[in-house]
Participant: 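The structure's right below; bear with me while I get my questions together.
This structure is a prediction, so every number in the text was calculated from the model and none was measured. Note: hydrogens, waters and symmetry copies are ignored here, and every other heavy atom, side chains too, is used. A note on names: the letters A, B, ... follow the listed sequences, proteins ahead of strands, and every chain is numbered from 1.
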Protein chains: 2
Amino acid sequence: MNQSKRYLDIVRDLRDMIRQENIRPGDRIPSERELAETLQVGRSTIREALRSLELLGLIETRRGEGTFLADHRNNMLVEVLSTFILQDNQSQKDVQETRQIHELAAIQTICNNKATSQMAVWEGFRIRLSDEENGFQREDFVRELMVLSGNRLSLKIWVILHQYSGNPYNGTVSTPEKERLLNILAAIGQQQTDKAVNEFKTWSDWLLKERLRDDS
Amino acid sequence: MNQSKRYLDIVRDLRDMIRQENIRPGDRIPSERELAETLQVGRSTIREALRSLELLGLIETRRGEGTFLADHRNNMLVEVLSTFILQDNQSQKDVQETRQIHELAAIQTICNNKATSQMAVWEGFRIRLSDEENGFQREDFVRELMVLSGNRLSLKIWVILHQYSGNPYNGTVSTPEKERLLNILAAIGQQQTDKAVNEFKTWSDWLLKERLRDDS
DNA sequence: TTTTGAAAGTGGTCTGACCACTCATATTGA
DNA sequence: TCAATATGAGTGGTCAGACCACTTTCAAAA
């Protein structure tokens, strides 16, 4: 009777359609008008369903082209949720802490895995650090850690938190920092997990303190 | 130039409005027509934004009554996402991993803090575990960990991931589990951080494996 | 006083109309 | 012939207006 929320049915129908026709990420799904015709509902109802799925990052729409099943690797779910979740108390401390949680977990994962701990990219960082000329971007290093940890969700969350943190790794390393970073890189290469984690934490905490001092 | 997606702006506007006017969960937000008038957009655009937020479980609409800010208990989000996203093993793995990252960080924080590690609530868990009659809900324990870690952002992320994970801690502990948990509780009480973390990880991993076996 | 029912307000849906944009194709110009 | 251009079909983005179904309110009727 009161089956309110027809757009929810549409969401279901879409899911089934995607399943049945084996539509894969990146593929195009029928146009809004076509779906409205097929499912016998108004176009606005179709759009409500599609917009919902879009906000969830499940589909992607391109004006003039069509609607596509999204590669959920880049979904905005986390972003949307964060903007809502972080509304009340802008507890910067929580954000910083949580960001670091993900970073430490990443470096731990990397150390515990022989393949990732021995990657050439670390040697590359070492060289760039030793090169006096070359400005070493902190963020490149940390982002590499997050990427190589292999956890895409964690990476996505980190990116958001990193932005919220006011890009704490922005800028190039100072001379006293270089030694610290070389230590971390060495620990990674030798799979000394605890040492790498601790050194990183020390560096990260120190950096944060510096930044606070600069602001005031 | 024209940034498409007006409804995304609406989402932002709504967030700001909710924040500014201090609208709390359960409170009513302006009607669709009112919002359309205020924000100078068509009602259908407003609806697209609202429907998106509804699917996320952030608002709740009742025909004839209005739209309300939701309590964060809605699990439609989980249902929809699990049917769309979680088919992918890698994603599933990422979610589980990320959830555990937050849990391990929480238990570590608790152990490192004398106040939280000595709280009476742990003694309460010990008693409940020893009591044969009393069914011990795993989830109560883990949620307590997350809450007492003091990081509200981490807690909120965890709640979401926990739902995504298919409530891995659902149910009561079996007899062989009790010893494991008692060990964890003991380690917490004695502030043996590493031990607590490792024991917890072992338990969590074991639980996950059990669950996978049950499913197949 | 209690009951009833009409009115106002709200979300749910549909229709039809434009607009802005993309892309494939036809047309034009060299 | 070939390249540049114009055009038209198709698509998502948005709007306005119209009903419908439902809830609440409150004044009129019993």
Participant: Between A/Thr61 and A/Glu54, which heavy-atom pair has the shortest distance, and what is it?
Facilitator: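 Smallest interatomic distance, heavy atoms only, reads OG1-OE2, 2.7 Å.
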Participant: Is B/Thr67 near enough to C/dT10 that one of its side-chain N or O atoms lies under 4.0 angstrom from OP1 or OP2?
Facilitator: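 No, no such contact exists.
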Participant: Using side chain to side chain contact (heavy atoms under 4.5 Å, CB included), reason through B/Arg99 and B/Glu103 one step at a time and then give a plain yes or no.
Facilitator: CA-CA 6 Å; B/Arg99 174 180 52 73; B/Glu103 290 163 358; 2.9 Å; yes
Participant: Within the pair B/Arg51 and C/dG12, is there a side-chain N or O less than 4.0 Å away from OP1 or OP2?
Facilitator: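 For C/dG12, OP1/OP2 do have a side-chain N/O of B/Arg51 under 4.0 Å.
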Participant: Identify the residue among A/Ile59, A/Ile10, A/Thr67, A/Ile29 that makes a side-chain contact (heavy atoms from CB on, under 4.5 Å) with A/Leu53.
Facilitator: A/Ile59
Participant: Are the side chain of A/Trp122 and the backbone N or O of A/Thr116 linked by a donor-acceptor pair below 3.5 Å?
Facilitator: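 Side chain of A/Trp122 to backbone of A/Thr116, a donor-acceptor pair under 3.5 Å: yes, one is there.
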Participant: Rounded to the nearest Å, what distance is computed from the CZ atom of residue B/Arg6 to the P atom of nucleotide C/dC21?
Facilitator: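 Those two atoms, CZ and P, are 13 Å apart.
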Participant: Show the numbers, then the answer: is there a side chain to side chain donor-acceptor pair (under 3.5 Å) between B/Thr98 and A/Asn151?
Facilitator: CA-CA 8 Å; B/Thr98 308; A/Asn151 187 326; 3.0 Å; yes
Participant: As a quick check of understanding, evaluate side chain to side chain contact (heavy atoms under 4.5 Å, CB included) for B/Gln96 and B/Leu208, giving each step before the final call.
Facilitator: CA-CA 9 Å; B/Gln96 301 287 4; B/Leu208 210 56; 3.6 Å; yes
Participant: Output the residues of residues 38-50 of chain B in contact with DNA chain C, where contact means a heavy atom of the residue under 4.0 Å from an atom of the strand; sort by number or write none.
Facilitator: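 Nucleic-acid contacts, sorted: B/Arg43, B/Arg47.
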Participant: Can you find a pair of side-chain heavy atoms, one from A/Ile184 and one from A/Ile107, that are under 4.5 Å apart?
Facilitator: yes
Participant: D/dT11 C1' sits how many Å from A/Ile59 CD1, rounded?
Facilitator: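 Taking atom C1' of D/dT11 as the reference, CD1 of A/Ile59 is at 13 Å.
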Participant: Tell me: CG of B/Asp9 to C1' of D/dG13, nearest whole Å?
Facilitator: 12 Å
Participant: Report, one pair per line, the protein and nucleotides 22-26 of chain C atoms (nitrogen or oxygen only) whose separation is under 3.5 Å.
Facilitator:
from	atom 1	to	atom 2	distance (Å)
C/dC23	OP1	A/Glu65	OE1	3.4

Participant: Grab the CZ-P distance between B/Arg28 and D/dT23 for me, whole Å please.
Facilitator: 15 Å
Participant: Using modelled atom types only, decide if a donor and an acceptor are shared between the side chain of A/Asp27 and the backbone of A/Arg24 within a distance under 3.5 Å.
Facilitator: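 Answer holds: yes.
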Participant: Rounded to whole Å, how long is the line connecting atom CD of A/Glu37 with atom P of C/dG16?
Facilitator: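 Rounded to the whole Å, the gap is 12 Å.
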Participant: With distance as the sole test, does A/Arg138 use its side chain to make a donor-acceptor pair with the main-chain N or O of A/Asn170 at under 3.5 Å?
Facilitator: yes
Participant: Using the ring of each side chain (for Trp, its six-membered ring), is B/Phe125 parallel, tilted or perpendicular to B/Phe141, with breaks at 30° and 60°?
Facilitator: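 Ring orientation of B/Phe125 relative to B/Phe141: perpendicular.
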Participant: So which of residues 29-36 of chain B are in contact with DNA chain D, with a heavy-atom cut-off of under 4.0 Å?
Facilitator: B/Arg33
Participant: Tell me, with the steps shown, if B/Phe200 and B/Leu145 meet side chain to side chain contact (heavy atoms under 4.5 Å, CB included).
Facilitator: CA-CA 11 Å; B/Phe200 184 92; B/Leu145 282 173; 3.5 Å; yes
